[in-house]
Amino acid sequence: MNTTTPPSHFLRERIAEDLARGAVREVVTRFPPEPNGFLHIGHAKSICINFGLAREFGGRCHLRFDDTNPEKEDPAFVAAIKEDVRWLGFDWGPHLYHASDYFERLYQFAVELIHKGKAYVCQLSADELRATRGTLTEPGVESPYRNRSVAENLDLFARMRAGEFAEGECTLRAKIDMASPNINLRDPVIYRILKRPHQNTGDTWCIYPTYDFAHGLSDALEGVTHSICTLEFADHKPLYDWFLEQLDVPCHPQQIEFNRLNLTFTVTSKRKLKTLVERGIVNGWDDPRMPTLSGLRRRGVPPAAIRQFVERVGVSRSESCVDMSLLESCIREELDRTAPRAMAVLRPVRLVITSYAEEAEEFFTLANHPKDPSLGSRQVPFCRELWIEADDFALAPPKGFRRLTIGAEVRLRGAYLVTCTGVEQDAHGAVTTVFCTHDPESRGGNAPDGRKVQGTIHWVSARHAVPLTARLYDRLFTTEHPGAEGDFLEDVNADSLATCQGWGEPMLAACPAEARFQLERLGYFCADRFDHTQKRPVFNRIVGLRDSWSKEAARRP
RNA sequence: UGGGCGAUCGUUCAACGGCAGGACAGCGGACUCUGACUCCGUCAAUCUAGGUUCGAAUCCUAGUCGCCCAGCCA
């Protein structure tokens, strides 16, 4: 377990202060997704921050669906989001809410605003509204409907609710300041007419509150103390506060903004992710190359690695784009600690031990983890014919090559020392079989005379091997910032998936879906959540091992 | 050219008027029955210009650069 205390950041400090000076008795946060799409790595940061802070300070975190726009939302997303949050390791307990749970109360708040002369029904069209809002440098002009009487507004708003107006015919607007330099304060729309069924409330309503109106009031209704959101909402804070000041609310939550998470070699915009799915560049929202939580899960990334990643990324108020290598490092760290080891050969070449009896076979006991004995050991079968990795043999090895080559001795991991005596090649010169003799005295992998061998390679007994499919995933984009110059689709990595048929030790067919292993010397793999079966094992490469040899080999002539 | 926010090693986060530090990445080495893990070493930053101060990454002033805002999206 990680015992190092997490570094402090401004959110932690702020909450600690508020607790210390008695501004709040208990911390209440919330994660407020709109159920209109899939959660991705960026959301993971928000989830970890909100649920994590609540857990850390002994408070609670609500899962609240911000479902104020029936045009975009779907109950299927509600279910998917709940599954993802749970998978990430968080629990909202009984605190599952929807903004739509508060529609009646929000309506009453709107009525209260009208009574106070702070809201009015505006019959400007969408185009007229836009034209009168002003620009960044010029103030807007006041709506001709701005000074209607309270009674008239009350009547009109009730008729909006009753469905007497068509979509777009009128809106309810907050009466604030059309000349405000902050455009959010120029009489923002707080209710609009949308005649369509809602994912939670069905056809109960034909008017719906906007985000700005619903969000802060929902926070207040739930007793949220710290409403933590991303930087782009900073401009909305004065409006957030304005509603809470005008209305009779149970408390005044504090909105605090932090920097959104961006990652190199990927995209997180909903639009771009959708394009990847629709163009068939990936196989769905949970394709293992997608930065969605369901994609990361299918890839095999452990949730603990994501939590650790979010912790290491840190929180601040400056925009950032984090190196993908940091995520990969967190994944390797978690998996090195927890993943049992196994052997499989992905690009097989036959190796025949000519000194080993044809019909003989034996089993070697191999540790499942080099450092953690609690992971136990297993029996691995061995015989005269093995599969080894094509990369582990070279007729003309580069300098520094520590693997098999004619005349060289290597260790078959956990088994015997073998010396290559020759090869068989096909018509094109490709090596089809490698011949070796073994040292029977080296059973288990150590020579009795203590001689050192420079290399150790992995292997699978051909007689006992199970066929398996390995999907080798790589980064989805070839550039750090996809689309930085031009269309992001031009930066798609055409080689982000390579599929190969290999052989594995028998244990790999017996494991359940989502089991993770380190295939020694190859990388970390996960039995595919949906496609893996005992009859047809399918493994996804989560991330490769750090590989200092390939870099060095590439430098050599 | 309105308003808001931001600027520290390649990346990211610290340093809260008192020796600019960590992580990732890079580079070099040790160890190794995984060219993994681990360990050691190393490279490397305060946007600019003034000011306040014994002392400034930190405070002040003026710039520069970047991001966000003109949905009846969130």
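Each chain gets a letter, A, B and so on, in the order its sequence line appears, and its residues count up from 1.
Considering only the side chain of Thr137(A), rG2(B) comes nearest among rG2(B), rA25(B), rU34(B). If you check rA36(B), rG35(B), rC27(B) against the side chain of Arg402(A), the one that comes closest is rG35(B). Listed nucleotides: rU34(B), rC72(B), rA25(B). Nearest to the side chain of Ser329(A): rA25(B).
Screening Asp219(A), Asn50(A), Thr29(A) for a side chain to side chain donor-acceptor pair (under 3.5 Å) with Ser227(A), the sole residue that qualifies is Asp219(A). Results of the ring pair (Phe, Tyr, Trp, His ring centres under 6.0 Å) test with Tyr191(A) over Tyr211(A), Phe157(A), Trp205(A) single out Phe157(A) as the only residue that passes.
If you check every strand for non-hydrogen atoms under 4.0 Å, Pro33(A) touches nothing. No engagement by Ser180(A) is indicated, since no non-hydrogen atom pair under 4.0 Å with the nucleic acid exists. Residue contacts for His236(A): at a heavy-atom cut-off of 4.0 Å it reaches a base atom on one of the strands shown. Across all strands, Arg130(A) comes closer than 4.0 Å only to sugar-phosphate atoms, never to a base (heavy-atom distances). Using a 4.0 Å heavy-atom distance criterion, Thr264(A) is classed as making no nucleic acid contact. Residue contacts for Asn69(A): at a heavy-atom cut-off of 4.0 Å it reaches the sugar-phosphate backbone alone, with no base atom in range. Using a 4.0 Å heavy-atom criterion, one finds that Phe401(A) contacts the bases of the nucleic acid, with or without backbone contacts as well. Using a 4.0 Å heavy-atom criterion, one finds that Cys330(A) contacts no nucleic acid atom at all. Within the 4.0 angstrom heavy-atom criterion, only backbone atoms of the sugar-phosphate kind lie near Arg133(A); the bases stay farther away. Residue Asn446(A) is in base contact, counting any heavy-atom pair closer than 4.0 Å across all strands shown. At a threshold of 4.0 angstrom between heavy atoms, the contacts of Lys237(A) with the nucleic acid are absent. Residue contacts for Gln518(A): at a heavy-atom cut-off of 4.0 Å it reaches a base atom on one of the strands shown. Arg546(A) comes within 4.0 angstrom of the backbone, heavy atoms only, and of no base. Among the protein residues, Arg403(A) comes within range of the nucleic acid bases, having at least one heavy atom under 4.0 Å from a base atom.
Taking atom C1' in both rA36(B) and rC31(B), the straight-line distance is 12 Å, to the nearest Å. Between the C1' atoms of rG21(B) and rG63(B), the separation comes to 30 Å (whole Å). For the C1' atoms, the distance from rA23(B) to rA44(B) is 14 Å, rounded to whole Å. Of the P atoms belonging to rA57(B) and rU8(B), the separation is 15 Å, rounded to the nearest Å. Nucleotides rG10(B) and rC68(B), compared at atom P, are 24 Å apart to the nearest Å. Spacing of P atoms, rU52(B) relative to rC9(B), comes out at 28 Å, to the nearest Å. Spacing between rU11(B) and rU38(B) at atom P, rounded to whole Å, works out to 25 Å.
Residues Arg413(A) and Glu520(A) are paired through a salt bridge, judged by an N-O separation under 4.0 Å between the basic side chain and the carboxylate. Using a 4.0 Å cut-off between charged side-chain N and carboxylate O, Glu505(A) and Arg378(A) make a salt bridge. The residues Arg521(A) and Asp391(A) are annotated as not salt-bridged, no charged nitrogen and carboxylate oxygen being separated by less than 4.0 angstrom. The existence of a salt bridge linking Arg173(A) and Glu142(A) is excluded, since no basic side-chain nitrogen approaches an acidic carboxylate oxygen closer than 4.0 Å. Salt bridge present: Glu311(A) and Arg12(A) bring a charged side-chain N and a carboxylate O closer than 4.0 Å.
Residues Phe233(A) and Gly134(A) both approach RNA chain B. Their nearest nucleotides, taken by heavy-atom distance, put Gly134(A) toward the 5′ side. Toward the 5′ end of RNA chain B lies the nearest nucleotide of Pro181(A), the other residue of the pair Pro181(A) and Lys452(A) mapping further downstream.
Distance, Gln308(A) CD to rG22(B) P: 18 Å, rounded to whole Å. Here the P atom of nucleotide rA70(B) and the CG atom of Asp177(A) are 18 Å apart, to the nearest Å. Look at CG on Leu522(A): it is 11 Å from C1' on rA36(B), rounded to the nearest Å. Taking atom CG of Leu231(A) as the reference point, atom P of rG6(B) lies 8 Å away to the nearest angstrom. Summarising the geometry, the separation between CZ on Arg475(A) and P on rA25(B) is reported as 11 Å, rounded to the nearest angstrom. Rounded to whole angstrom, the span from the CZ atom of Arg332(A) across to the P atom of rC24(B) amounts to 12 Å. With rounding to whole Å, Leu136(A) atom CG is found 15 Å from rC67(B) atom P. Put simply, CG on Leu326(A) is 14 Å from C1' on rG10(B), counting in whole angstrom units.
Between the side-chain ring of Trp549(A) and the base of rG35(B), a stacking contact exists by the 5.5 Å and 30° definition.
Summarising the geometry of Tyr120(A) relative to Asn153(A), their closest heavy-atom pair is CA-OD1, 3.4 Å, with the distance given to 0.1 Å. Heavy-atom minimum distance, Ala166(A) versus Lys195(A): CA-NZ, 4.2 Å. Here the shortest heavy-atom pairing between Pro381(A) and Phe363(A) reads CB-CE2, 3.5 Å. Nearest heavy atom pair, residue His40(A) against residue Thr268(A), reads NE2-O, 3.2 Å.
Between Leu172(A) and Tyr107(A) the shortest side-chain heavy-atom distance does not fall below 4.5 Å.
Taking only side-chain nitrogens and oxygens, Ser548(A) comes nearer than 4.0 Å to OP1 or OP2 of rA36(B). Considering only side-chain N and O atoms, Thr68(A) lies under 4.0 angstrom from the phosphate OP1 or OP2 of rA74(B). Between rC73(B) and Lys270(A), no contact under 4.0 Å exists linking OP1 or OP2 to a side-chain N or O. Contact between the side-chain N/O atoms of Arg521(A) and the OP1/OP2 oxygens of rG35(B) is found at a separation under 4.0 Å.
Under a 3.5 Å cut-off, the side chain of Thr405(A) and the backbone N or O of Ala394(A) do form a donor-acceptor pair.
Glycosidic conformation of rG10(B): anti, with the torsion beyond 90° of 0.
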At a cut-off of 3.5 Å, list every protein nitrogen or oxygen paired with a nitrogen or oxygen from nucleotides 13-17 of chain B, distance to 0.1 Å.
| unit_1 | atom_1 | unit_2 | atom_2 | d |
| --- | --- | --- | --- | --- |
| rC13(B) | OP1 | Asn259(A) | ND2 | 3.0 |
| rC13(B) | OP1 | Ser316(A) | OG | 2.7 |
| rC13(B) | O3' | Val315(A) | O | 3.4 |
| rA14(B) | OP1 | Val315(A) | O | 3.1 |
| rC16(B) | N4 | Glu13(A) | OE1 | 3.1 |
| rC16(B) | N4 | Glu13(A) | OE2 | 2.3 |

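Applying the 3.5 Å distance criterion, the base of rG4(B) shares no donor-acceptor pair with the side chain of Asn182(A).
In this structure, CG in Leu231(A) is found 8.5 Å from OG in Ser318(A), a value given to the nearest 0.5 Å.
Taken together, the paired segments of RNA chain B that extend over three or more consecutive Watson-Crick or G-U pairs, each closer than 3.5 Å at both contacts, are B:2-7 with B:64-69, B:10-13 with B:21-24, B:26-30 with B:38-42, B:47-51 with B:59-63.
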